[in-house]
Amino acid sequence: MTAESEQAAFVRAVLEGRGRQPAGMATASAPANLALCKYWGKRDATLNLPVTGSLSVSLGPLGTTTRVAVAARDRLLLEGRRLPARSPFAQRLWRFLDLFRPPGVCFHVETTNSVATAAGIASSASGFAALTAALDKLFDWHLEGRDLSLLARLGSGSACRSVYHGFVEWLAGSRDDGRDSYAVALRQRWPALRVGVLTITDAPKPLASRDAMARTVASSALYRAWPEQAAEDLQVLKQAIAEHNFVTLGRTAESNALAMHATMVSAWPPVLYWQPGTLEAMRRVWALRQAGMALYLSMDAGPNVKLLFLAGDEQAVSEAFPTVRMVAPFDDEAGVDC
Ligand code: 2P0
């Protein structure tokens, strides 16, 4: 079976009994998310099945809004500008849409991000979650969160977590058919939690995170230790969230992110996303912590830095990082449509 036919069979199974004819147009939004315990490594690359579970906090108002309409011909607008079909972003999006496309139907897609990401391209997590939610409306499926999560996962693994707000756990699952690998929203809220987004550079990444992940799994000796650390971090983080223990949450999230980067640096050829500005921000976080502030960092597969702190330190963080974009993940949850 080809990758496309395996994915199409998965979609048919999830949508069993649902309509396959789209009508009119639909719009949906989804939040970006920051993994506190990272998704790093696949056990199945066709269905985006992870080696371990992961845990994220959704970034409230930061994310993607996507409008999909039935149209006379395929057309894709990103931030209001038409994207050529051969661009990597467009190819990935159309491959995903083809999984749902009835014969002869074309789509007009418009997607905008509330935050510019590397190379000006949508975050794949919020992008595929918003697209899946828009398709749900366009086809009138009325899927529950679990099924939206299963479908969004096919576009990008981390998209399965962007189906929800707040804290979200992606259950790794163990089935070969991938039907038990989806995200669930945790009940706990933490209104005082803050995430700071530090954009170090918006230059295109030298290597897509998908490729960095595959290379690391294939060649890093340190990766062998990753599944065990991730499983342990996931449990510690869930406990820290349940107890609102910020020091444990921050320390575990930071150590998890740095361990992920250590596996990349030890891959071959090595993958090092850090820029001088990344290191400068890391050292500033560590100095502030040394001085007594409860401030922690995380990073994804890229040079940009995310800060974790509590509402009481907002002003001090703004002073230390004047360009930081503050996110209160538990504000205005009801105002976002996804
Ligand atoms: C995460 N990342 O948990 C991890 C941490 C990046 C570093 O999920 O191949 O774009 O599409 O499933 O979801 C980014 O990888 O990878 C990611 P695919 P994805 O957020």
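We count ligands from 1, going down the list as the structure has it; atoms in each ligand are counted the same way. Note that the structure is predicted; figures quoted are calculated from it, not measured.
Looking at Leu288 and Val285, their side chains never come closer than 4.5 Å, going by heavy atoms from C-beta outward. Val247 places a side-chain heavy atom less than 4.5 Å from the side chain of Tyr296. Using a 4.5 Å heavy-atom cutoff, the side chains of Asp300 and Ser209 are not in contact.
Salt bridge status for Asp98 with Arg101: present, with a side-chain N to carboxylate O gap under 4.0 Å. Ionic pairing of Asp177 and Arg179 is not present here: no N-O contact between side-chain nitrogen and carboxylate oxygen is shorter than 4.0 angstrom.
Remark: ligand 1 atoms within the under-4.0 Å shell around heavy atoms of Ala301 are 6 (C), 7 (C). Within the listing of ligand 1, atoms 10 (O) sit less than 4.0 angstrom from a heavy atom of Ser124. Taking every heavy atom of Met260 and a limit of under 4.0 angstrom, the matching atoms of ligand 1 come to 5 (C), 7 (C). Of all atoms in ligand 1, numbered sequentially from 1 with element shown, those under 4.0 Å from a heavy atom of Lys42 are 9 (O), 12 (O), 18 (P). Every atom of ligand 1 is numbered from 1 in the order shown, and the set under 4.0 Å from a heavy atom of Asn48 is 12 (O). Of all atoms in ligand 1, listed by their number and element, those nearer than 4.0 Å to a heavy atom of Lys38 are 3 (O), 5 (C).
Judged by distance alone, the side chain of Thr66 and the main-chain N or O of Thr111 form no donor-acceptor pair under 3.5 Å. Between the Asn33 side chain and the Leu59 main chain, no donor and acceptor come within less than 3.5 Å of each other. Looking only at distances, no side-chain donor or acceptor of Thr248 sits under 3.5 Å from a matching main-chain atom of Ala240.
Distances from ligand 1 to the non-hydrogen atoms of Ala125 include no value under 4.0 Å. Residue-ligand proximity: Met299 is placed with every non-hydrogen atom at 4.0 Å or more from ligand 1.
Both the backbone and the side chain of Ser156 come within 4.0 Å of ligand 1, judged by heavy-atom distances. Of the heavy atoms in Arg153, none comes closer than 4.0 Å to ligand 1. Of all the heavy atoms of Arg161, the ones lying under 4.0 Å from any atom of ligand 1 belong exclusively to the side chain.
Surrounding CZ of Arg284 are more than 12 heavy atoms belonging to other residues, nucleotides or ligands, all under 6.0 Å away.
Shortest contact from atom 14 (C) of ligand 1 to any protein heavy atom: Ser209 OG, 3.5 Å. The protein heavy-atom contact nearest to atom 2 (N) of ligand 1 is Tyr39 O, 4.1 Å.
Relative to atom 5 (C) of ligand 1, the option among Leu49, Asp300, Leu34, Leu36 with the closest non-hydrogen atom is Asp300. Which of Ala35, Ser158, Ala32 comes nearest to atom 13 (O) of ligand 1 through a heavy atom is settled by distance: it is Ser158.
At under 3.5 Å, a nitrogen or oxygen of Gly157, whether backbone or side chain, sits near a nitrogen or oxygen of ligand 1. For Ser54, no nitrogen or oxygen atom sits less than 3.5 Å from a nitrogen or oxygen atom of ligand 1, counting backbone and side chain alike.
Residues Leu198 and Leu36 do not share a hydrophobic cluster, defined by chaining ILVMFWY side chains whose heavy atoms lie under 4.5 Å apart.
Using a 30° and 60° split on the angle between ring planes, Phe96 and Phe128 fall in the perpendicular class, above 60°.
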